[in-house]
Amino acid sequence: MNIGALDRYITIQYPLESSSSTTGAVTVTWTTLASVYATVNYPKGQGMDEGLEQGRETAQTPVEFVIWFRSDVTEKMRVSYDNSYFGIERINKVGFRDEMLKLVTLKKL
């Protein structure tokens, strides 16, 4: 892959759970793991997945982010890009020597 193709800046975030000492309610906050350069792909031929979430119809658009290899990225994380959040659905190694990662994500509309 041409290094110049990594022309978008994304943030990879992971969830942190904390509980209130008074009510015991669990709160999830997202913390930055890393900000990295990536290639952003919108796969052709893949339509939006539609479903129901809390009684409302939702649509999800697949987006792929390709980054340099990192051993600390998991499917429990998300990507922040262009004022939107993308849940990581799958991680694929890319390249002759697996030097890249393809983060297959879904963006909720």
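- The shortest side-chain heavy-atom distance between Met100 and Phe69 does not fall under the 4.5 Å cut-off.
- Proximity of Trp68 to Val36: side-chain heavy atoms (C-beta onward) are nowhere separated by under 4.5 Å.
- Using a 4.5 Å cut-off between side-chain heavy atoms of Ile, Leu, Val, Met, Phe, Trp and Tyr, with links allowed through other members, Met77 and Leu16 fall into the same hydrophobic cluster.
- For the atom pair CZ (Arg90) and OG1 (Thr105), the distance works out to 10.5 Å, reported to the nearest 0.5 Å.
- Heavy-atom minimum distance, Pro15 versus Lys76: CD-O, 3.5 Å.
- Rounding to the nearest 0.5 angstrom, the gap separating the CD1 atom in Ile91 from the NZ atom in Lys102 is 13.0 Å.
- Residues Ser35 and Thr32 approach most closely at OG-CG2, 4.2 Å, considering heavy atoms.
- Looking at heavy atoms from C-beta onward, Val79 lies out of side-chain contact with Val63 at the 4.5 angstrom threshold.
- Tyr14 OH to Thr74 OG1: the interatomic distance, rounded to the nearest 0.5 Å, is 11.5 Å.
- The distance from atom CZ of Arg70 to atom CD1 of Ile12, rounded to the nearest 0.5 Å, is 6.0 Å.
- Considering only heavy atoms from C-beta on, Lys93 comes within 4.5 Å of Leu101 through its side chain.
- With sequence neighbours left out, the ring pair (Phe, Tyr, Trp, His ring centres under 6.0 Å) criterion links Tyr37 to Tyr9.
- Under a hydrophobic-cluster definition in which Ile, Leu, Val, Met, Phe, Trp and Tyr are linked whenever side-chain heavy atoms come within less than 4.5 Å, directly or via other members, Phe65 and Tyr42 are assigned to the same cluster.
- Taking OG1 of Thr39 as the start and CD1 of Ile67 as the end, the distance is 10.5 Å to the nearest 0.5 Å.
- What you find for Pro43 and Pro62 is that their closest heavy atoms are CD-O, 3.6 Å.
- Between the OG1 atom of Thr31 and the CD atom of Gln13 there is a distance of 8.0 Å, given to the nearest 0.5 Å.
- Using cut-offs of 30° and 60° on the angle between ring planes, the pair Tyr81 and Phe86 is tilted.
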